[in-house]
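The first residue in the sequence is number 1, and the count goes up from there. All heavy atoms count here, side chains included; hydrogens, waters and symmetry mates do not.
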Amino acid sequence: MALSQRERQQLLALAIILALGGAAAFWFYWREPKLQEAQELQRQVDSLRAMVDSARQDLARGTVEDLRRRVTDYEAGLSLMRELVPSGAEVPSLIDDVASRARRRGVEIGQIQPQPPEPTVPFEIRRYRFAVYGHYDQIGEFLADIASLQRIMVPYNISVNPASQTAQQAYADTSGALLEAQFQLRTFVKPQARGDSLAGL
């Protein structure tokens, strides 16, 4: 059965629409993602090439002695970090050191509240919320003592306010100069060895 002129035009228009739709689907669902993937791959290749070129330039500028000296410097820095950053097992004794420094300075510890540890690279961050009571000079000396500990212990977010009447009565302070200092104490902890507990203190 022969098709009329109109039917042939309709079939031709339908074929053109299907061809255009197929081309659009091909472009948006296959070609475009592949182009983006290729561009991302090219960016990564360019980044790696830049790093390799930079390393080549460094090697061309330096000598083996320069590299050895840099390695020695890095090892010295690593050794210092090992001295300054505690392991997880040392943290309880460091908190005891902080408490003994408070007693030595005549500062009363009202609160020590551990915060959830934050696993970061390369160290885990441990935080503690403190509330202490004492006079201005005692609190200042106590905070200076914390800063002088061999391991890194950083007090921050410090706020100092007059102590409440309840606190003055509890600590038998009649001078009216008793202060309450609230702060957080942060330390960086060496990564736990596999199998060690990551439980909080």
With the 4.5 Å side-chain cut-off for hydrophobic clustering, are Ile139 and Tyr128 part of the same group? yes
Of all residues at least two apart in sequence or in a different chain, which pass the ring pair (Phe, Tyr, Trp, His ring centres under 6.0 Å) check with Tyr136? none
Shortest non-hydrogen separation from Glu180 to Ala131 and the atoms involved: OE2-CB, 4.1 Å
Give the cluster check for Leu178 versus Ile109: same hydrophobic cluster or not, with ILVMFWY residues linked at side-chain heavy-atom distances below 4.5 Å. no
Please examine the side chains of Arg186 and Ile125, heavy atoms only from C-beta on, and report whether any two atoms are closer than 4.5 Å. yes
Is there side-chain contact between Arg129 and Gln182, with at least one heavy-atom pair below 4.5 Å? no
Listing, residues 152-166 side-chain donor-acceptor contacts under 3.5 Å, not counting sequence neighbours, or none:
unit_1: Tyr156; atom_1: OH; unit_2: Arg127; atom_2: NE; d: 2.5
unit_1: Tyr156; atom_1: OH; unit_2: Gln184; atom_2: OE1; d: 3.2
unit_1: Ser164; atom_1: OG; unit_2: Ala167; atom_2: N; d: 3.2

Identify the two heavy atoms, one from His135 and one from Ala177, that lie closest to each other, and give their separation to 0.1 Å. CD2-O, 3.3 Å
Can you name the ring pair (Phe, Tyr, Trp, His ring centres under 6.0 Å) partners of Tyr133, sequence neighbours left out? Tyr171
Residue pairs meeting salt bridge (Lys or Arg N to Asp or Glu O under 4.0 Å), one or both in residues 152-178, sequence neighbours left out, come to none
One should read off an interatomic distance between Thr174 OG1 and Gln168 CD, to the nearest 0.5 angstrom, of 9.0 Å
In terms of hydrophobic clustering (I, L, V, M, F, W, Y; side-chain heavy atoms under 4.5 Å; direct or indirect links), are Ile95 and Phe183 co-clustered? yes
Value for CD (Glu108) from CZ (Arg103), rounded to nearest 0.5 Å, stands at 9.5 Å
Considering only NZ, NE, NH1 and NH2 on the basic side and carboxylate oxygens on the acidic side, decide whether Arg43 and Asp46 come within less than 4.0 Å. no
I'd like to check the salt bridge (Lys or Arg N to Asp or Glu O under 4.0 Å) partners of Asp145; sequence neighbours left out, ordered by chain and number. Arg105
What residues form a salt bridge (Lys or Arg N to Asp or Glu O under 4.0 Å) with Asp53, not counting sequence neighbours? Arg56
